[in-house]
S.K.: 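A single structure is presented below for examination.
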Amino acid sequence: MENLEGYYFSALFSGCFLLSSLLFSKITREQRDPYMDEIFHIPQAQLYCQGHFNQWDPMITTLPGLYLLSVGMVKPAAWLFGWNENVVCSNGMLRFINLLFSLGSLYMLYSIISKIHYKNKVSSFRKIISTLTLYLFPTLYFFTFLYYTDTGSTFFVLFTYLMCLYGNHKSAALLGLCAFFFRQTNIIWIIFCAGNVISEKLTEAWKIDLKKREDKPSARGSFSELVKALTFLVQYSLSFRNMISLVLLTWPYITLVFGFLVFLVYNGAVVVGDKTSHEVCINFPQLFYFFGFTLIFSFPHLVSVQKLTDFIKSVWRRPFLYIALAGISVILIWKFTYVHKYLVADNRHYTFYVWKKIFQRHELIKYLLVSAYLFAAWSFTDSLKGKSVFWILMFFFCLLAATVPQKLLEFRYFIVPYLIFRLNIPIPSSIRLLLELLVYILVNVFTFYLFLHKTFRWPDNEETQRFMW
C-alpha cells in the first residue's frame, strides 16, 4: 500500500479539485456580487488589473500581496487564452485564485505531514485522511470560495514552514515575505520558523549537556523538565559563541524581523489603512477562546475517557497549582476582556451568536467556563508532549503573540495556529481520523447550506445578507 501512496494522493488532489470546483460554481452563481470584505478586496484588485497601482482603498488593512499576485496570475492567463477585460479580473476569476491557493495548501499539508511524521511509520491511509481532513477544516475551507486573504496567507505560511522543515531557510524567508505581504501578523509564523530551528539546536545541545553531567532526563511534559530546560536556556544564552551560532542559523528570518520593525516604525501600526478599527490591545481571553475552539474542532484528539482521567489525576496531584491557574484565569478574564464593536454589531458572523447566546447570557458565564479552558489547555499541551520542551515553549510564545493582541473575536485568526498544532500532534487511529473528517464534513455542509439558502435582509438595506464564519 505504501508504494501506491503517490497514486492515492493524486486521486485525493483530483477529487478535491472537482468537489471544490462544483461548489465554487454554485456559490459564484448564487452570490455574484462582492460580499462582506470582498467589497474592499475585489475593487482594489480590479484597480491593479487596470494598472492603477497608485490608488488604494483606505479601509483595507493588509498589504497588497493578494492583489499583486492575482494580477500576476490572471494577466498572463488572459494574454495566453485571449480573454477580454470583462473576464480577466471579474469577481469569479479573482475568487478562483483562492481555489488554486487552497489546492496548493492541500499539497503543503500532505508534504508537512509526511515530513514531520516520517519516523513514526504512519500508514498511507492515515496520512491521506489526515491531509483531507485539514484541507476541509471548516473555517479555512469556507474562505476558499470568497476573495479574502486567508487562503493565500495560509498557503504561504504552510509553504514557509515546509521549507523550514527541509532546512531551506533562504527559500523559507522569501516565502515568509510573501506571507507577510498577505497579512502582516504572519511575521509571528516567520518567527515560529526561526524558533523551530533554534529549538532543534537547543534540544541537541541539552542532550549533550545531560550526557556530560550524567543527569537523567525528566519525564516528558513534567514541571521538573520545564525548570531544567529554562535553567539550561539561560545558561546557553549567556554564551556569546552560542548566540552567534543561532544568529548564523536563522539570519534569513532575523532579516525579515528587522524589516518588520522598520515597517512598524514607518507605518506606526501593524495594520495599514483603517487603524482605528484594528487597534492592538492585551486581550488575554483570546487565548482561552482559542483553546475552546481547538477543543471543539479537535475533540477526537483532545477528548477521551483516558484524557479526562489523566486530567483529574493531574489536578488531584497538584491542587494548589490548578487553583492558582484558575484564579489567574478569572483575573485575566475580569480585567482583560475586550468586546470589539464589530462583534456585537454584525449578525452575519457566527461569532455574533456565540457571544450573544453564550457569553452575554449571564455575567458569570465567562468565569464558569474557566474549568473547561483549563482542561482544554491541559489536553492541548498533553497532545504536544512528543515535541521537545523548547519547541513547546517557542510555540506557546507564538500562540500568545498571535491571539492575545487581537481585540476582535474572529475565528479566521485561529486558522494558522490551529493548523500548526494539528500538524504536530501524533496522527491517531483511523477511527478517530474518520470521526474528525465526518465532523468537518457535517460542519461544512451546514455552513454552506446556511450561506446559500438561509438568506435574510436588514430593515434598512435591500441587499441579501448571508451567514458566514
Side-chain angles (χ1 to χ4, degrees), residues 62-63 65 101 104-105 107-119 134 140 149-205 233 236-237 242-264 270 290 384 386-405 413-425:
T62 53
L63 292 171
F101 277 134
S105 292
Y107 181 73
M108 294 303 134
L109 290 167
Y110 171 74
S111 299
I112 293 171
I113 288 171
S114 299
K115 177 62 177 174
I116 291 176
H117 300 285
Y118 79 98
K119 289 183 179 179
L134 292 181
L140 175 62
T149 58
D150 300 88
T151 312
S153 169
T154 302
F155 166 75
F156 278 110
V157 169
L158 292 175
F159 205 169
T160 301
Y161 186 32
L162 179 64
M163 289 297 101
C164 172
L165 291 173
Y166 275 100
N168 298 327
H169 301 302
K170 293 177 185 177
S171 300
L174 183 61
L175 291 162
L177 180 63
C178 295
F180 176 77
F181 267 88
F182 270 69
R183 184 167 285 171
Q184 295 91 297
T185 51
N186 284 336
I187 190 66
I188 295 165
W189 304 111
I190 294 168
I191 294 171
F192 166 79
C193 288
N196 194 75
V197 178
I198 292 170
S199 68
E200 287 182 2
K201 185 72 174 177
L202 287 172
T203 302
E204 182 183 323
L233 180 60
Y236 189 89
S237 301
N242 289 338
M243 297 308 293
I244 289 296
S245 69
L246 293 181
V247 169
L248 291 175
L249 281 172
T250 59
W251 70 264
Y253 307 109
I254 293 172
T255 303
L256 289 184
V257 173
F258 273 115
F260 170 73
L261 294 175
V262 171
F263 163 80
L264 202 59
V270 176
F290 173 77
L384 290 169
K387 309 296 288 187
S388 74
V389 64
F390 299 110
W391 190 97
I392 294 172
L393 286 170
M394 174 272 301
F395 178 58
F396 268 91
F397 170 80
C398 293
L399 179 59
L400 284 167
T403 55
V404 171
Y413 301 158
F414 296 161
I415 290 172
V416 172
Y418 178 85
L419 290 178
I420 296 294
F421 162 75
R422 180 60 183 74
L423 286 164
N424 280 281
I425 63 175

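Values below: every heavy atom of this structure, side chains too, minus hydrogens, waters and symmetry copies.
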S.K.: Is any side-chain heavy atom of Leu419 less than 4.5 Å from a side-chain heavy atom of Leu140?
M.R.: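 In short, these two side chains touch, coming nearer than 4.5 Å.
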S.K.: State, to 0.1 Å, how close Leu399 and Pro417 come at their nearest heavy-atom pair, and which atoms those are.
M.R.: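 Nearest heavy atoms, Leu399 then Pro417: CD1-CB, 3.8 Å.
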S.K.: Tyr236 versus Leu246: any side-chain heavy-atom pair under 4.5 Å?
M.R.: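 SC-SC contact between Tyr236 and Leu246 confirmed.
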S.K.: Looking at CZ of Phe260 and OG1 of Thr185, how far apart are the two atoms once the value is rounded to the nearest 0.5 Å?
M.R.: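 Here the rounded value is 8.5 Å.
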S.K.: Give the minimum heavy-atom separation between His169 and Leu249, together with the two atoms involved.
M.R.: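 Closest approach of His169 to Leu249: CD2-O, 4.2 Å.
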S.K.: Taking the side chain as everything from C-beta on, heavy atoms only, tell me whether Phe290 gets closer than 4.5 Å to Tyr413.
M.R.: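 The answer is no, as the side chains (C-beta and beyond) never meet within the 4.5 Å cut-off.
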S.K.: Do Thr62 and Phe182 come within less than 4.5 Å of each other through their side chains, counting heavy atoms only?
M.R.: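 Answer no - side chains too far apart.
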S.K.: Closest heavy-atom contact between Val416 and Thr154?
M.R.: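 Closest approach of Val416 to Thr154, heavy atoms only: CG2-OG1, 4.2 Å.
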S.K.: How far does CG of Leu162 sit from CZ of Phe159, to the nearest 0.5 angstrom?
M.R.: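 The CG atom of Leu162 sits 7.0 Å away from the CZ atom of Phe159.
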S.K.: Do Thr403 and Phe414 have side chains that approach each other closer than 4.5 Å (heavy atoms only, starting at C-beta)?
M.R.: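 In contact.
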S.K.: With rounding to the nearest 0.5 angstrom, report the CD1 to CE distance, Ile191 to Met394.
M.R.: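 CE of Met394 is found 11.5 Å from CD1 of Ile191.
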S.K.: To check you understand the geometry: which heavy-atom pair defines the closest contact between Lys115 and Leu165, and what is its length?
M.R.: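 Between these two residues, the closest heavy atoms are CE-O, 3.4 Å.
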S.K.: Is there a side-chain contact between Phe397 and Leu393 in this structure, where contact means two heavy atoms from C-beta onward sitting under 4.5 Å apart?
M.R.: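 Result no, sub-4.5 Å side-chain heavy-atom pair not found.
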S.K.: If we only count heavy atoms from C-beta on, is the Val157 to Met108 side-chain gap below 4.5 Å?
M.R.: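 Contact flag for Val157/Met108 side chains = no.
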S.K.: Taking the six-membered ring for Trp, are Phe395 and Phe192 parallel (under 30°), tilted (30 to 60°) or perpendicular (over 60°)?
M.R.: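 Perpendicular: the ring planes of Phe395 and Phe192 meet at over 60°.
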S.K.: Find the distance between CZ (Phe156) and OG1 (Thr160) and round it off to the nearest 0.5 Å.
M.R.: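 The CZ atom of Phe156 sits 8.0 Å away from the OG1 atom of Thr160.
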S.K.: Atom NZ of residue position Lys170 - does it have more than 12 heavy atoms of other residues, nucleotides or ligands inside 6.0 Å?
M.R.: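 It does not: Lys170 NZ has 12 such atoms or fewer within range.
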S.K.: Please find the pair of heavy atoms, one from Thr250 and one from Ala194, that lie closest to each other, and give the distance.
M.R.: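 Scanning both residues, the minimum pair turns out to be CG2-O, 3.8 Å.
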S.K.: Counting heavy atoms not belonging to Phe396, are there more than 12 under 6.0 Å from its CZ?
M.R.: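 Enclosed: over 12 neighbouring heavy atoms sit under 6.0 Å from CZ of Phe396.
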S.K.: Calculate, to the nearest 0.5 Å, the distance between atoms CD1 and CD1 belonging to Ile188 and Ile420 respectively.
M.R.: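 Spacing of CD1 (Ile188) from CD1 (Ile420) equals 12.0 Å.
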S.K.: Between Leu175 and Met163, does a side chain to side chain contact (heavy atoms under 4.5 Å, CB included) hold up when you go through it step by step?
M.R.: CA-CA 9 Å; Leu175 291 162; Met163 289 297 101; 3.5 Å; yes
S.K.: Would Phe263 and Leu63 satisfy side chain to side chain contact (heavy atoms under 4.5 Å, CB included), going step by step from the backbone distance to the final call?
M.R.: CA-CA 11 Å; Phe263 163 80; Leu63 292 171; 4.2 Å; yes
S.K.: If every non-hydrogen atom of Ala179 is compared with every non-hydrogen atom of Asn186, which pair is closest and at what distance?
M.R.: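 Heavy-atom minimum between the residues: O-ND2, 2.8 Å.
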S.K.: At what distance, to the nearest 0.5 angstrom, does CD1 of Ile425 lie from NZ of Lys387?
M.R.: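 NZ of Lys387 is found 11.0 Å from CD1 of Ile425.
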S.K.: Quick check: do Cys164 and Tyr253 have side-chain heavy atoms less than 4.5 Å from each other?
M.R.: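 Contact flag for Cys164/Tyr253 side chains = yes.
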S.K.: Can Phe390 and Leu233 be said to form a side chain to side chain contact (heavy atoms under 4.5 Å, CB included), step by step?
M.R.: CA-CA 9 Å; Phe390 299 110; Leu233 180 60; 4.3 Å; yes
